[in-house]
Amino acid sequence: YWSCPRNDPFYSEAFLSEAPVNQLIVEKLSGLLARTGTVRISEKIIAEWNELYGDKKIQKVNVETVKMKTTQCKYKPIKDSKLASKGIIEIPEKILLTLDISKGELVMVKPVIE
């Protein structure tokens, strides 16, 4: 068993290379203000990413289905406090069609680190 010391210059690179993956249940995002290319996820998850990556920019997320279809899109926090803590991702219809998924399915979401 070998551990990499935190002051090792390779530690941060190795650590940052694999972004955390969150498994979330799909909810359809609809309404007049729903942007077609933007998903909504929990503020708690966004806060965890910001804490983990500090000053790195996270403007997009990768959304991957169990069928291995992937898309990259912008994200915003979920506004409805009842939904925010339920482990869901709100996805607009256009992205649902692109990924060939529907409400209730499981997707993997991870930040795109810039």
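Note that this is a predicted model, so its numbers are computed, not measured. Residues take their numbers from the sequence shown, with the count starting at 1.
- Rounded to the nearest 0.5 angstrom, Glu51 CD and Ile46 CD1 are separated by 14.0 Å.
- Across all non-hydrogen atoms, the minimal contact from Lys67 to Asp100 is NZ-O, 3.4 Å.
- The two residues Pro92 and Thr36 make their nearest non-hydrogen contact at CG-O, 3.4 Å.
- In this structure, the side chains of Val63 and Leu99 come closer than 4.5 Å at one or more pairs of heavy atoms.
- If you chain together hydrophobic residues whose side chains sit under 4.5 Å apart, Val109 and Val39 fall into the same group.
- Counting only residues at least two apart or in different chains, side chain to side chain donor-acceptor pair (under 3.5 Å) contacts with residues 57-66 comprise Asn62-Gln72.
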Going through the checks in order, is the side-chain contact (heavy atoms from CB on, under 4.5 Å) test met by Ile91 and Leu29? CA-CA 5 Å; Ile91 304 179; Leu29 178 62; 5.7 Å; no

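- Val61 and Ile101 fall within the same hydrophobic cluster, where Ile, Leu, Val, Met, Phe, Trp and Tyr residues are linked whenever their side-chain heavy atoms come under 4.5 Å apart, directly or through other members.
- The hydrophobic clustering, which links ILVMFWY residues whose side-chain heavy atoms are closer than 4.5 Å, places Ile113 and Trp49 together.
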Run the side-chain contact (heavy atoms from CB on, under 4.5 Å) check on Ile89 and Val107 step by step: do they pass? CA-CA 8 Å; Ile89 179 171; Val107 293; 3.7 Å; yes

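- In this structure, Ile88 and Glu90 have side chains that are in contact, with non-hydrogen atoms separated by less than 4.5 Å.
- Both Tyr53 and Tyr75 belong to a single network of hydrophobic side chains, linked directly or stepwise wherever heavy atoms of I, L, V, M, F, W or Y lie under 4.5 Å apart.
- Residues passing the side chain to side chain donor-acceptor pair (under 3.5 Å) test with Glu93, sequence neighbours excluded: Lys28.
- Counting only heavy atoms from C-beta outward, the side chains of Thr71 and Ile95 approach each other to under 4.5 Å.
- Scanning both residues, Lys110 and Pro20, for their nearest heavy atoms gives CB-O, 3.2 Å.
- The nearest pair of heavy atoms linking Cys73 to Gly37 is CB-O, 3.4 Å.
- Taking CD of Glu105 as the start and NZ of Lys103 as the end, the distance is 12.5 Å to the nearest 0.5 Å.
- Contact detail for Ile58 and Pro111: the closest heavy-atom pair is CG2-CB, 3.5 Å.
- Leu24 and Leu96 fall within a single hydrophobic cluster, where Ile, Leu, Val, Met, Phe, Trp and Tyr side chains are chained together by heavy-atom contacts under 4.5 Å.
- Annotation: the span from Lys44 atom NZ to Asn22 atom CG amounts to 10.0 Å, rounded to 0.5 Å.
- If you take CZ on Arg40 and CD1 on Ile78, they are separated by 8.5 Å, rounding to the nearest 0.5 Å.
- Of all heavy-atom pairs between Thr98 and Lys69, the closest is O-CD, 4.2 Å.
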